Number of protein chains: 2
Amino acid sequence: MRADARRNRERVLEVACDVFAAEGLSVPVAEIARRAGVGTGTVSRHFPTKEDLLRAIILDRIERIVDQARALESLGDPGTAFYRFLAVMVEETAANRGLTEAFAGAGFDMEAASSGASDDVMGVLRDLLAAAQRAGAVRPDVEVADVKALIMGCLARERGDGDTAARLRMITVVSAGLRPDPAR
Amino acid sequence: MRADARRNRERVLEVACDVFAAEGLSVPVAEIARRAGVGTGTVSRHFPTKEDLLRAIILDRIERIVDQARALESLGDPGTAFYRFLAVMVEETAANRGLTEAFAGAGFDMEAASSGASDDVMGVLRDLLAAAQRAGAVRPDVEVADVKALIMGCLARERGDGDTAARLRMITVVSAGLRPDPAR
DNA sequence: CTATAATCGGGATGGTCGTCCCGTTTGAGG
DNA sequence: CCTCAAACGGGACGACCATCCCGATTATAG
């Protein structure tokens with residue numbers, strides 16, 4: 001691979017990561033190219049479709065989240081692991097509008113793009129939830145899709161990363177709601 | 001107004017209501033026209049922009065929700081009123097994909113479209129929340145935006161109206177989370 | 001330094017959609 | 001029945017965007 005090609009590829013990736021995080025997935029590819037100082041042809045040669053570009057950026061972020069989840073999994077108390085993962089996932093995603101939209105399923109099919117074991121967020125969430133429920137730390141009737149939707153709720157709190165206190169409050173409320181009756 | 005004009009207007013309104021509810025706000029105006037059996041010109045004469053058409057449909061639905069809220073407001077117990085409104089809002093909206101997208105702010109600026117007192121959902125929600133908090137039925141630190149986001153979470157549970165049990169479970173969880181510590 | 005193949009830039013293409021316009025049709029009053 | 005303004009249909013237009021393509025450029029091996 002030629003040196004300038006590699007450089008351009010890196011540059012596009014970096015710019016795309018920032019722009020999608022700040023302004024969401026609907027930013028035109030041509031705009032990414034413009035800000036990276038390259039032509040649209042250069043972008044679409046390295047990443048034939050917009051989805052390819054998104055995959056390269058988003059799956060990287062998701063892998064980091066999954067890593068943290070796996071680390072929490074081996075933490076001893078399944079309840080603590082589950083609830084801490086809720087907070088981690090919300091915090092990691094809140095500052096990234098593109099990632100939020102990806103989770104919401106807007107313009108990017110995460111399930112289809114995730115093929116490896118290292119990017120299966122739903123899988124790891126399912127494991128954490130099941131363990132926490134076995135330990136009696138989460139209401140037994142709650143399903144993975146419920147938890148995902150509640151996380152989406154926390155992310156819907158507002159665009160951007162401004163209000164950390166509000167996010168914390170949301171997580172507190174949701175966590176309290178998920179706990180079975182006795183344990184408060 | 002000529003009889004055929006009135007008839008066409010009604011027909012477009014009816015079809016648009018169904019289609020947007022079933023398939024969301026991104027359905028092309030031309031498709032509405034096609035299914036109503038009229039030309040695109042007819043639609044855009046009665047409703048110059050797509051937003052005009054949406055307003056005519058969505059604000060009507062919102063008014064109905066607000067009516068129910070006002071009815072609950074005069075119900076005596078502010079806590080009961082608030083929690084029942086949560087359920088009402090989710091139930092009313094869940095079956096209507098267009099309404100869900102409108103609340104999510106996708107392609108339709110609800111705040112801007114709402115001008116009358118009869119369509120201010122956020123206003124009535126604020127009143128219900130404040131009263132419930134004064135009565136000690138909701139955590140005092142929760143804000144209106146938090147509640148809205150949690151409702152969005154319930155709506156994000158899945159597309160369509162299929163799983164009533166899941167929606168009920170979501171409302172239970174969210175309600176439990178919103179209650180202050182003592183009252184379970 | 002030169003040749004050449006990889007790479008680049010950005011215009012062309014095709015598709016979608018909202019809105020506007022105009023030639024044609026039709027409802028309804030006289 | 002006859003007229004004509006109101007209403008209709010659907011094609012034209014313009015905006016936006018992803019993707020493809022090709023003539024110009026440039027990195028790198030020899």
Side-chain angles (χ1 to χ4, degrees), chain A residues 1-58 97-98 101-102 105-110 112-113, chain B residues 1-58 97-98 101-102 105-110 112-113:
Chain A
M1 188 177 219
R2 252 168 60 172
D4 56 341
R6 165 177 298 278
R7 240 181 308 127
N8 277 327
R9 190 175 193 284
E10 293 302 315
R11 175 140 185 72
V12 167
L13 223 43
E14 188 184 343
V15 169
C17 188
D18 292 349
V19 173
F20 286 135
E23 306 178 29
L25 302 182
S26 66
V27 174
V29 174
E31 176 66 15
I32 304 287
R34 200 184 60 78
R35 297 205 202 181
V38 302
T40 64
T42 301
V43 175
S44 70
R45 194 167 340 95
H46 290 302
F47 310 96
T49 73
K50 188 173 188 174
E51 178 117 3
D52 290 324
L53 179 56
L54 292 176
R55 231 198 322 267
I57 296 170
I58 292 179
R97 192 165 155 191
E101 289 177 12
F108 180 66
D109 189 347
M110 228 183 53
Chain B
M1 188 179 219
R2 252 166 60 170
D4 58 340
R6 166 176 298 277
R7 238 181 308 128
N8 277 328
R9 189 176 193 283
E10 292 302 316
R11 176 140 184 71
V12 167
L13 222 45
E14 188 184 345
V15 169
C17 189
D18 292 350
V19 173
F20 286 136
E23 307 178 28
L25 301 182
S26 67
V27 174
V29 174
E31 176 65 16
I32 305 287
R34 201 184 60 77
R35 296 204 203 181
V38 301
T40 63
T42 301
V43 174
S44 70
R45 195 168 335 97
H46 290 302
F47 309 97
T49 74
K50 188 173 188 173
E51 178 117 4
D52 290 324
L53 180 55
L54 292 176
R55 231 198 323 265
I57 296 171
I58 292 178
R97 191 166 155 191
E101 290 176 12
F108 181 66
D109 189 347
M110 228 183 54

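By convention in this document, chain letters (A, B, ...) are assigned in the order of the sequence lines, proteins followed by strands, and residues within each chain are numbered from 1. What you see is a predicted model; the values in this text were computed from it and never measured.
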Taken in chain and number order and not counting sequence neighbours, the residues that satisfy side chain to side chain contact (heavy atoms under 4.5 Å, CB included) with B/Ala56 are B/Leu13, B/Phe47
Contacts of A/Arg55 meeting salt bridge (charged side-chain N to carboxylate O under 4.0 Å, His left out) (sequence neighbours excluded), chain-then-number -> A/Asp52
Please name all residues satisfying side chain to side chain donor-acceptor pair (under 3.5 Å) with B/Arg34, sequence neighbours left out, ordered by chain then number. B/Glu31
Would you give a per-nucleotide map of nucleotides 8-20 of chain C, 5' to 3', where B means the base has a protein non-hydrogen atom under 4.0 Å away, S means only the sugar-phosphate does, and - means neither? BBBB-----SSSB
Going by salt bridge (charged side-chain N to carboxylate O under 4.0 Å, His left out), name the residues that satisfy it together with B/Asp4, two or more places apart in sequence or in a different chain. B/Arg2
Filter on side chain to side chain donor-acceptor pair (under 3.5 Å), then keep only pairs touching residues 8-27 of chain B, sequence neighbours left out; what's left? B/Glu23-B/Arg35
Find the distance A/Arg34:CZ to D/dC17:C1' and express it as a whole number of Å. 15 Å
Spacing between A/Met1 atom CE and D/dT28 atom P, to the nearest angstrom: 12 Å
Can you measure B/Arg35 atom CZ to D/dG10 atom P for me and round it to whole angstrom units? 17 Å
